[in-house]
Every structure is written in structure tokens, then in C-alpha cells.
2 protein chains.
Amino acid sequence: MNKPAPRRIPAAERRELMLDAASVVFGERGYAGATTDAIADAAGVSQAYVVRTFGSKENLFAEAATRAIDRIAAVFREAGTRSPAPGADMQSVLGRAYVDLVADRGILLTTMHLFTLGHHPRFGPLARTGMLDIYRVLRDEVGLTDTQCEEFLAKGMLINTVLGLGLPGIVDDEPEARNLMTCIFEDDTHEVLSLTADQEPFTAIRRETRRGQP
Amino acid sequence: MNKPAPRRIPAAERRELMLDAASVVFGERGYAGATTDAIADAAGVSQAYVVRTFGSKENLFAEAATRAIDRIAAVFREAGTRSPAPGADMQSVLGRAYVDLVADRGILLTTMHLFTLGHHPRFGPLARTGMLDIYRVLRDEVGLTDTQCEEFLAKGMLINTVLGLGLPGIVDDEPEARNLMTCIFEDDTHEVLSLTADQEPFTAIRRETRRGQP
DNA sequence: GTCTATATCTTGATAGAC
DNA sequence: GTCTATCAAGATATAGAC
């Protein structure tokens with residue numbers, strides 16, 4: 001009935017927990033919309049401890065966003081080396097990789113939010129180099145042509161967008177939504193829908209005075 | 001040195017001015033990141049008057065976002081009817097239309113921010129129906145195939161993203177950025193770059209006590 | 001290491017003057 | 001119609017106990 005099992009967790013691991021929570025919450029609400037309180041809640045620690053650990057909300061977002069970009073770049077890089085045949089059906093190999101990324105929605109959505117922050121003095125540069133990093137991985141390491149890069153990036157942005165929209169959540173009510181999803185994901189539609197099945201229509205906005213049950 | 005010319009403007013027109021300002025500011029900072037104060041500043045009115053006019057920041061965003069979606073749908077619809085030959089090069093006709101939309105960046109960026117609000121109780125539904133509306137216009141009124149819709153929407157999301165990133169602002173410093181821009185906009189690159197030339201690296205975050213010069 | 005206060009600042013919204 | 005002044009709530013960050 002009290003603290004839900006205060007088991008001893010090494011600080012490093014708890015730090016990771018907080019980063020994971022940050023990824024989810026920032027992915028849902030964006031940088032400005034997210035609160036350190038909601039992140040703390042999701043990580044099961046106090047709000048003060050989140051801030052204390054990362055120094056500031058700004059630092060926390062920078063770290064979460066950097067991690068997200070790095071993760072995406074790594075997944076593409078690895079997918080690129082996995083298939084021996086360069087060119088040919090490389091697009092679909094990368095497509096698979098992208099679908100896998102959907103499993104951790106936070107990564108994709110945090111990145112998309114980062115990409116909307118071009119105006120920000122600190123995150124703007126981070127966002128631009130992040131996009132260019134991914135572009136370079138696709139072109140120089142995976143070996144896509146410029147046109148292929150553009151098409152792949154475009155599709156990626158559309159996927160991020162429909163995830164942010166929560167389109168998977170309404171396929172049962174809106175036939176058009178299912179239609180569009182199918183058109184985007186084709187054979188992977190079913191898998192993507194099950195990967196995002198946990199997505200509630202929207203996470204209820206918390207309104208407790210602060211911390212825990214009222 | 002005082003009020004910068006308090007010329008008499010009809011309230012209806014001033015309301016439009018506020019909506020335009022809202023489009024720009026929401027486009028730059030998103031719903032949560034924008035303040036009614038910044039919008040008021042951009043419109044040249046008092047913060048209280050903005051809230052008074054629209055009832056709440058939430059209402060203001062709903063109206064600005066709805067306007068943006070309607071505008072985009074209208075532009076596509078009109079572009080679709082302009083060219084007599086259906087199919088064929090319809091894609092490039094729409095491409096032109098999209099480039100024209102870039103001229104009013106606020107429309108595109110506010111829409112993109114709307115699309116990140118899937119979790120929001122009020123804006124989530126608005127965002128989803130907005131996307132589906134545009135999809136239906138492309139498919140049912142313009143006559144694109146499902147595949148063409150998907151490609152066009154994807155490219156649109158990529159364009160929105162690079163605009164939000166502020167990629168046009170760094171083409172002179174980062175060759176890769178110019179490369180990517182060229183790859184996306186091809187023949188229209190030059191035009192797009194001049195349309196976005198006014199885009200400062202980022203709008204300085206205002207830090208006055210409140211209102212006007214300190 | 002991690003939590004419980006709490007100081008401080010930002011910001012949306014309201015009241016009331018002009 | 002539009003502004004000035006102000007309130008109340010929310011949120012980040014800090015201090016200090018345990």
C-alpha cells in the first residue's frame with residue numbers, strides 16, 4: 001500500500017530507467033509539453049531526483065534525443081550491412097528495420113519532436129545534425145542513391161507522423177484510417193497494428209496535486 | 001516611441017491578424033511551447049486581448065489548426081481541378097501547389113505540430129480527421145491512386161520536417177544540407193530557398209518582464 | 001542516492017478602467 | 001474594443017533531511 005517495493009537498484013540502472021521514461025513521455029508530449037513530474041512518475045522516482053540526475057530538463061531532453069538519433073542510425077547501419085546484396089531490395093530490408101523501430105515508439109516520436117525544434121538555440125543544431133547524420137548513414141554506409149534516400153526518409157517521416165497521430169488506434173472505427181495504414185505498411189500492417197495495440201487513445205492527463213494518489 | 005501607430009482597425013480584421021500571428025508562432029514552437037504573450041506580441045495587441053478574443057489558448061490553437069488544414073485541403077483541391085489531364089503528371093502539379101504552400105510556412109508547420117498531438121483529448125481527434133480529410137481530397141477529388149497518395153503524403157511530411165528543422169537556413173554552411181534540399185526539391189530548390197530566406201536561425205526567445213520593451 | 005519540502009518564475013486567464 | 005494590472009496554478013530547480 002506504500003512505496004511499491006523499494007528494491008535496491010543501482011543508480012546507473014535507475015538512470016537508464018529515467019531515460020526510457022523520458023523517451024516515452026517526450027515522445028508523447030514533446031519537449032515543451034512534457035513535465036519532469038510526468039517523467040519521474042513514469043520512472044517511479046521523485047521529480048526532484050530526475051532534475052538532480054540530469055541537471056535540468058533541457059539536459060535530459062538533449063540526452064534522450066541524442067540517444068534516439070543514435071539508436072536509429074545504428075539500426076539502419078546494421079540493417080545495411082546485414083544484407084549482402086547492395087542495391088536491389090535494400091529498401092525493403094530497411095523497411096523491416098523501420099518496422100522494428102516502431103516497437104519502441106518513444107524513439108521515433110522523440111526524434112520527430114526533436115525535428116520540430118529547429119528554432120531552438122540548443123536543440124535546433126542538434127536536430128539538424130541528427131537528420132544529416134541519418135542521411136549520411138543511408139547514403140554513405142548503406143549505399144542508397146540520393147533518390148532512394150529521399151524516398152526512404154519521406155516514408156519514414158510519414159510513418160512517424162501517423163504514429164504521432166495515433167492512427168493505429170482508430171483503424172477499427174475509421175475505415176479510411178485502416179485504408180491509409182494498409183497503404184503505408186502493406187504486408188507489415190498487421191504487425192505494426194499489434195505493436196501499437198497498447199496505445200490508448202490518449203494517456204489521461206494527470207491531475208494530482210503532485211506525486212502519487214491524491 | 002509609444003504605441004507604434006494606433007490606427008483604427010476593425011475588430012474582424014484584427015482577429016485575422018491574431019490568427020495569422022498564431023499560425024506563425026504555433027508553427028515555430030508548437031502548441032505547448034507557444035505562449036499567448038508571444039502571439040499577442042506578433043500581432044501587436046495585448047496578451048489579455050488575445051485570450052479574450054478566442055476564449056482560451058486552446059480555442060485559438062483549434063481555430064488556427066483547423067484553418068491550416070482547410071487551407072491545405074483547398075490548395076490541393078484546386079490544383080487537382082486545374083490540370084485537365086487526370087493521372088499522368090498530376091503529381092508534379094500537386095508538387096507545385098505544395099511549394100506554394102511553403103510560402104506561408106506557418107500553415108505547414110502548425111499542421112505538423114497538430115499531427116504530433118495525437119494523445120491530446122481535443123486536438124488528437126482534430127489531427128486524425130485532418131489527416132484523413134487531406135487523404136480523401138487527394139484520393140477522391142484529385143483522383144490519385146492509393147500508392148500515389150502515400151508517396152505524395154510522405155514527401156509532404158518530409159518537406160514539413162526539413163522546414164521545421166530549419167534546413168534551408170544552413171545550406172550555405174553545410175554542403176550535405178544543400179544536397180538533401182536539392183534532392184527533395186529538385187528544380188524548385190532555388191525558389192524554396194528564397195521563400196525561406198527570411199527564416200532566421202531561430203527567433204530569439206523573448207525575455208522581457210512582460211509586454212514590449214523592458 | 002533518493003526523498004520531502006519549498007522558493008521562484010512563467011503563464012493563462014480574469015477584472016475592471018478607458 | 002482594447003489595455004493595464006493582477007491572480008492563481010503549474011512547473012523547474014534548489015535545499016536539506018534521511
Side-chain angles (χ1 to χ4, degrees), chain A residues 2-19 21-22 25-26 29-64 122 205-214, chain B residues 2-19 21-22 25-26 29-64 120 122-123 205-214:
Chain A
N2 284 345
K3 318 289 166 72
R7 60 170 272 255
R8 211 68 194 141
I9 293 178
E13 190 179 332
R14 211 180 285 270
R15 192 190 150 88
E16 287 302 309
L17 247 21
M18 286 188 262
L19 272 172
V25 177
F26 280 132
R29 316 221 190 134
Y31 174 64
T35 64
T36 54
D37 200 48
I39 293 168
D41 232 44
V45 298
S46 72
Q47 180 267 341
Y49 190 45
V50 171
V51 174
R52 173 64 85 93
T53 303
F54 296 92
S56 66
K57 177 185 173 183
E58 196 177 295
N59 285 346
L60 174 54
F61 182 75
E63 194 158 334
R122 180 171 176 193
I205 311 263
R206 293 159 210 283
R207 184 62 51 235
E208 304 105 32
T209 327
R210 191 94 174 205
R211 208 97 281 296
Q213 287 68 34
Chain B
N2 283 344
K3 319 290 167 68
R7 59 169 272 254
R8 210 67 195 141
I9 293 178
E13 190 180 333
R14 213 180 281 273
R15 192 190 150 90
E16 286 304 308
L17 246 20
M18 286 187 262
L19 272 172
V25 177
F26 280 133
R29 317 219 191 136
Y31 173 64
T35 63
T36 54
D37 201 47
I39 293 168
D41 233 43
V45 298
S46 72
Q47 181 266 342
Y49 190 44
V50 170
V51 174
R52 172 65 81 92
T53 304
F54 295 92
S56 66
K57 177 185 172 182
E58 194 175 298
N59 286 346
L60 173 55
F61 183 75
E63 195 159 332
H120 191 285
R122 180 170 176 193
F123 302 137
I205 312 264
R206 294 158 210 283
R207 181 63 49 239
E208 305 106 31
T209 327
R210 190 95 175 206
R211 210 93 288 292
Q213 287 70 33

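Computation of the quantities below employed the complete heavy-atom set of this structure, encompassing side-chain atoms and omitting hydrogens, waters and symmetry-equivalent molecules. Below, read A as the first sequence line, B as the second, and so on, with proteins coming before strands; counting in each chain starts at 1.
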Peer 1: Taking OH from B/Y49 and C1' from C/dG12, how many angstroms apart are they, rounded to a whole number?
Peer 2: 18 Å
Peer 1: Once pairs are restricted to Watson-Crick or G-U wobble with both distances under 3.5 Å, how does DNA chain D read as a dot-bracket string, [ ] for crossings and | for other-strand pairs?
Peer 2: ||||||||||||||||||
Peer 1: Starting from C1' on D/dA9, measure out to CG on A/D37 and report it in whole angstrom.
Peer 2: 14 Å
Peer 1: Can you tell me the distance, in whole Å, between the CD atom of A/Q47 and the C1' atom of D/dA13?
Peer 2: 7 Å
Peer 1: To the nearest 0.5 Å, tell me how far A/L17 CG sits from A/I39 CD1.
Peer 2: 13.0 Å
Peer 1: Check for a donor-acceptor pair, side chain of B/D37 on one end and backbone N or O of B/Q47 on the other, with a separation under 3.5 Å.
Peer 2: no
Peer 1: So if I take every side-chain heavy atom of A/A11 and compare against C/dG12, C/dG1, D/dC3, which nucleotide ends up nearest?
Peer 2: C/dG1
Peer 1: Can you check the A/Y31 OH to D/dA11 C1' distance for me, whole Å?
Peer 2: 12 Å
Peer 1: Look at the aromatic rings of B/Y31 and B/F61 and report parallel, tilted or perpendicular, splitting at 30° and 60°.
Peer 2: tilted
Peer 1: Which nucleotide wins on minimum distance to the side chain of A/V45, given the candidates C/dA15, C/dC3, C/dG12?
Peer 2: C/dC3
Peer 1: OP1 or OP2 of C/dT11 sitting under 4.0 Å from any side-chain N/O of B/T35?
Peer 2: no
Peer 1: Rounded to the Å, how far apart are B/R15 CZ and D/dT2 P?
Peer 2: 12 Å
Peer 1: In residues 52-59 of chain A, what residues come within less than 4.0 Å of DNA chain C, judged by heavy atoms?
Peer 2: none
Peer 1: Less than 4.5 Å apart, any side-chain heavy atom of B/R122 and any of B/N59?
Peer 2: yes
Peer 1: Starting at NE2 of B/H120, measure out to CD of B/E58 and round the result to the nearest 0.5 Å.
Peer 2: 5.0 Å
Peer 1: Counting any heavy atom closer than 4.0 Å, what does A/A12 reach on the DNA or RNA strands: base, sugar-phosphate only, or nothing?
Peer 2: nothing
Peer 1: Output the rounded distance in Å from CZ (B/F61) to C1' (C/dG12).
Peer 2: 16 Å
Peer 1: Going by heavy atoms in the side chains, are B/R15 and B/V45 under 4.5 Å from each other?
Peer 2: no
Peer 1: Looking at B/V51, B/V50, B/T53, which one forms a side chain to side chain contact (heavy atoms under 4.5 Å, CB included) with B/L60?
Peer 2: B/V50
Peer 1: Nearest to the side chain of B/A48 - D/dA5, D/dA13, C/dG12?
Peer 2: D/dA5
Peer 1: Please determine if a side-chain N or O atom of B/R14 lies less than 4.0 Å away from the OP1 or OP2 oxygen of D/dT2.
Peer 2: yes
Peer 1: Atom CZ of A/R14 and atom CD1 of A/I9: how far apart are they, to the nearest 0.5 Å?
Peer 2: 4.5 Å
Peer 1: Search all heavy atoms of A/A34 against all heavy atoms of A/K57 and return the closest pair with its distance.
Peer 2: O-NZ, 2.8 Å
Peer 1: Let's see if you can work this out: which of D/dT4, D/dA13, C/dT14 has an atom nearest to the side-chain heavy atoms of B/V51?
Peer 2: C/dT14
